[in-house]
Every structure is written in structure tokens, then in C-alpha cells.
Amino acid sequence: MKTYYDPKDLKRFGDIADWDEALAKKFFYWYGAAFEDGALTGREKALIALGVAHAIQCPYCIDAYTQDLLQRGESEEAMMEAVHVAGAIRGGASLVHGVQMMQKAKSLSM
Amino acid sequence: MSLPRSTSKRSGQGTFSDPQRTLEHLSAAPFGTSEWPHFEARLEEASLLPLRPTGLDILQVNVGYVCNQTCAHCHVDAGPDRKEIMSEETFAEVLRVLREARPTTLDLTGGAPEMNPGFKAFVETVRAEHPADALDIIVRSNLTILESHDRFKALVPWFAAQRIHVVSSLPSVHARQTDRQRGDGVFGASIRAIGALNAVGYGDPETGLVLDLVHNPTGAFLPGDAQALELRFKQELGDRFGLKFNQLLTITNLPISRYLDFLVASGNYEDYMETLIDAFNPAAASGVMCRNTLSVGWDGALYDCDFNQMLDLPIDHPQRHVSDWTAAAVERNIAVRNHCYGCTAGAGSSCSGTIV
């Protein structure tokens with residue numbers, strides 16, 4: 001059965017360089033640098049990545065950072081907390097627009 | 001991952017507890033294609049075939065397959081129902097090899113080596129003949145055995161007196177992950193045992209009593225960065241329990257026995273093997289442990305490593321039993337099959353942790 005997403009495509013991510021090597025090189029360099037230990041540890045960055053992966057609903061990123069965090073010895077509890085933070089931000093982002101809805105409704109209403 | 005069982009699979013219906021079946025599975029298609037080259041082909045590309053020993057630094061002795069645990073990933077398929085146990089006669093032959101070969105390390109494994117009735121007498125004889133500065137005696141203790149009975153609790157100060165180097169599995173600092181792999185309650189008992197070892201001086205650099213922990217992944221993935229994991233383990237065990245240890249050894253799970261059962265049953269076999277194959281590292285391959293190790297089975301049979309022992313792959317040399325051993329046994333080709341990819345992935349893996 002054909003699907004829009006193939007898990008094997010994650011391993012082929014580097015193939016994007018086939019059609020634009022210069023930009024791909026810049027991207028992968030920047031990507032690698034962004035995940036290096038800095039003011040935040042690699043583990044903290046991986047938890048952020050897992051949360052963002054859920055917020056943007058990227059199946060490749062969810063697979064990649066779930067495995068990455070397990071390899072780092074992370075607990076299921078910590079990973080689920082990161083997902084809830086992502087969900088809370090997404091939910092909050094929708095709900096806070098409720099204020100806009102309320103203001104608009106009030107401005108239109110008698 | 002299925003929960004650890006109360007008995008070994010060999011006594012029941014385990015699929016890959018049969019070495020022949022494991023070897024057939026590990027050589028079947030897609031092995032032999034360009035994407036899945038046989039391990040020998042990769043060694044040949046790296047100019048490492050035939051793989052030859054560099055010496056005999058580590059004598060690893062499996063003193064029996066009986067164990068108080070039945071871990072879900074165990075490559076030995078060990079358990080309380082296993083009957084294979086090293087005899088006094090075979091221990092005596094091992095003593096002879098130690099005298100003649102003078103390795104730097106004697107690595108005692110099982111099963112739970114402490115459960116062999118001849119274990120203590122053997123170790124005391126070895127130590128009497130080889131002082132601690134001449135021979136590192138490793139005991140691979142699963143920790144829970146040291147909490148299981150007064151007889152075994154008494155081994156903790158005895159370990160210290162014999163200057164034993166204790167190497168113990170603790171796959172995760174999270175109870176749920178550890179218990180899922182090693183059995184209910186194992187994490188708690190392991191924490192208590194580490195506390196007991198710490199109380200007699202283990203894990204304290206000033207005493208010289210070494211306690212190393214072993215992390216092996218609790219699923220279908222490779223170990224993460226060894227240094228980062230060690231730091232995490234030290235922080236977590238220190239902050240939460242006030243415990244100390246020396247080094248964390250990270251070990252890749254090899255696709256044999258119960259772990260292969262898990263990989264196949266969970267649908268992870270192909271991805272895991274591809275990960276191992278893609279991560280083949282020639283530098284790790286040149287330093288694999290079988291090059292300076294000789295593995296002795298419970299019955300005295302000789303192997304290149306403990307994994308080959310479980311696959312019934314004896315050494316390629318006429319001296320196939322410990323009673324026949326002479327220094328000439330180092331002149332042999334090491335038996336390799338596709339499970340060996342587990343030792344050469346990334347930073348490599350050995351019973352002493354990473355290779356490069």
C-alpha cells in the first residue's frame with residue numbers, strides 16, 4: 001500500500017544534496033551545530049526537538065528523537081512530559097485566540 | 001519487549017535458543033546482497049580477513065548457565081532451570097592455563113557465576129597463585145544474587161578480600177526500563193546491592209576496589225555516547241541513592257538467542273541489522289575482543305568469545321578443549337559470522353565496553 005510517508009526516507013535525508021549540494025551542506029552544518037552541547041546540553045536539546053517534532057507533527061523527527069533519547073538513557077516519563085509541553089503550547093496557541101474571538105464577537109454584538 | 005520469563009527458552013519453545021537456527025537466520029537473505037554484505041566480506045574489504053588473535057590477555061570463563069534471573073535479552077539463555085555447570089576437573093584445567101598463559105585478566109561469567117558451588121574455592125586458589133597486581137579477576141555479578149540469600153550476601157566482603165573486580169549490569173537508571181529487561185524488582189535489588197558493595201569500599205577510587213556497571217540498551221537500538229551515559233548514571237545514582245561506581249561500560253546487544261527473538265517478534269530485526277551493518281567501523285573491527293580473548297565454556301570447550309560459545313562455534317584449532325590447550329592455540333583463524341556486526345558498529349562493543 002502506498003503511503004505519503006516512508007520511514008526509510010529518514011535514512012535518505014542526505015539525498016537532498018543531490019539536487020542542491022551547496023544549500024544542503026549549509027543546512028546540515030547548521031543543524032549539527034544547533035545540537036551541539038552549549039548553554040543547553042545535548043539531552044535538553046533532544047527533548048526540545050522531541051517536543052517540537054510533536055508540535056509540527058513530523059513523523060521522521062518523532063522517530064529520530066525518540067530513538068535518540070532512548071539511546072541517551074532518557075525515561076519514558078521525561079519524553080511524555082516533553083510531548084505534553086508541546087501539546088500545551090499548541091493547545092494554548094489555539095485557546096489564546098479565543099480572546100480574539102471574544103473581542104471580535106463583542107465588537108460586533110449589541 | 002516481552003517480560004522476562006521464569007525459565008530459559010531452551011527448556012521451552014524459544015525460537016533462537018537453537019544455535020543452528022540462529023546461524024541460519026543470520027545468514028539468510030537479504031544477507032549476501034550489496035546492502036547486506038556478509039560480515040566476512042566487510043572484514044575482507046578492511047584487510048582484516050582472516051581475523052587472527054593478537055595474543056591471550058583475557059581468559060573468559062563461563063562457569064555455568066544457571067542464573068537467578070531470566071533477562072529478556074540474555075544471549076546465554078540463562079535461567080534457574082539451566083543445569084550446565086563447570087566441574088572441579090574443568091576448574092583445575094583452567095588453573096593450569098592461567099599458570100601457563102599468564103593472561104592479565106580472568107573474566108568469570110555465567111549465568112550467575114556465584115551459583116556454581118565450586119566458584120569460591122576456585123577464585124581463592126586463583127588469587128593465592130596470582131596476586132592482584134598480576135591478575136585482574138573480574139566477576140560478572142548480576143547484583144540481585146548478592147541480595148538473594150545470606151550465603152550470597154556474604155560474598156560482598158569476600159569480593160573485597162579477594163580484590164575482585166566486580167562488573168555488573170544496570171541497563172538503565174530508570175526502574176521501569178531495567179525491570180522490563182531484567183525482571184520485576186531487579187532495579188530495587190540492584191540498588192541495594194550496589195549500596196552493599198559501596199559500604200565495603202567498592203566504587204571508591206581510594207580503595208582500589210573497582211565496581212564497573214554495564215549499560216546495554218533496553219530495546220532495538222544501539223548504546224548512546226558512553227561518556228555522556230556514564231555522567232548521567234553517576235549523577236542519577238549519586239543524587240537519588242548516594243551510590244558510587246567506577247566506570248560505565250556500554251555494550252551493544254548482539255542479535256542472537258533471546259534478543260534475536262525480541263528483534264524478530266517486535267518487527268525490528270531488519271532495521272536493527274541495517275543499523276549494525278551501516279555502522280560497521282573498521283577501526284572497531286581491528287580491536288574486537290576476540291583477538292586477545294579466549295572463552296572457556298562450562299564443559300571446557302574453547303571459543304573465540306562468549307557469543308560464539310552460545311552459537312556452538314568452537315575455535316578453529318585442533319586444541320578445542322581446555323585440557324588440550326597450549327600456547328599454540330593462539331595460531332588460529334577467528335570464527336566470524338554475521339552476529340559479529342554487533343561488535344563492530346560505531347565505537348565498537350566488547351565485554352569491556354567501547355573499543356575506539
Side-chain angles (χ1 to χ4, degrees), chain A residues 1-3 5-18 24 28 31-51 53-54 58-85, chain B residues 1 30 35-36 73 169-181 187 213-237 239-240 248-253 266-268 270-279 345-347 349 354:
Chain A
M1 187 177 115
K2 286 190 174 181
T3 62
Y5 288 112
D6 181 350
K8 290 192 182 302
D9 283 349
L10 181 57
K11 282 188 181 171
R12 303 182 192 121
F13 192 5
D15 291 357
I16 66 164
D18 292 351
F28 286 117
Y31 190 101
F35 276 91
E36 284 173 6
D37 281 336
L40 295 176
T41 64
R43 170 183 163 247
E44 289 164 336
K45 290 180 179 185
L47 281 166
I48 292 169
L50 185 73
H54 282 78
C58 169
Y60 303 113
C61 316
I62 291 170
D63 278 4
Y65 285 97
T66 299
Q67 177 159 330
D68 180 78
L69 283 157
L70 287 173
Q71 287 183 283
R72 291 174 186 273
E74 198 48 87
S75 68
E76 287 90 342
E77 289 83 354
M79 292 194 286
M80 187 53 82
E81 284 182 19
V83 171
H84 274 285
V85 170
Chain B
M1 182 179 283
E35 290 80 21
W36 286 47
H73 69 303
S169 283
L170 189 72
S172 172
V173 291
H174 310 297
R176 189 178 357 177
Q177 291 174 351
T178 291
D179 287 1
R180 219 159 42 208
Q181 182 186 83
F187 182 79
L213 297 182
V214 173
H215 158 80
N216 58 293
T218 55
F221 48 90
L222 303 187
D225 177 76
Q227 279 186 315
L229 280 165
E230 181 177 291
L231 190 65
R232 183 89 197 274
F233 270 61
K234 286 192 168 171
Q235 278 174 345
E236 292 270 348
L237 295 181
D239 293 350
R240 285 162 56 199
L248 184 73
L249 314 178
T250 57
I251 298 185
T252 300
N253 289 313
S266 63
N268 283 302
E270 290 202 358
D271 280 348
Y272 190 74
M273 292 310 298
E274 280 176 12
T275 301
L276 294 182
I277 293 165
D278 292 348
S349 179
T354 54

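Each chain gets a letter, A, B and so on, in the order its sequence line appears, and its residues count up from 1.
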Under 4.5 Å from a heavy atom of chain A, the part of B:Leu222 involved: both
Contact check, side chains of B:His174 and A:Glu77, non-hydrogen atoms, under 4.5 Å: no
From CD (A:Gln71) to OG1 (B:Thr250), nearest 0.5 Å: 11.0 Å
Within 6.0 angstrom of B:Gln227 CD, more than 12 heavy atoms from elsewhere: no
Straight-line distance of B:Asp271 CG to A:Gln67 CD, nearest 0.5 Å: 8.5 Å
Choice from A:Lys8, A:Arg72, A:Glu76, A:Lys11 maximising heavy atom contacts with chain B below 4.5 Å: A:Glu76
Within 6.0 Å of CZ in A:Phe28, more than 12 heavy atoms from elsewhere: yes
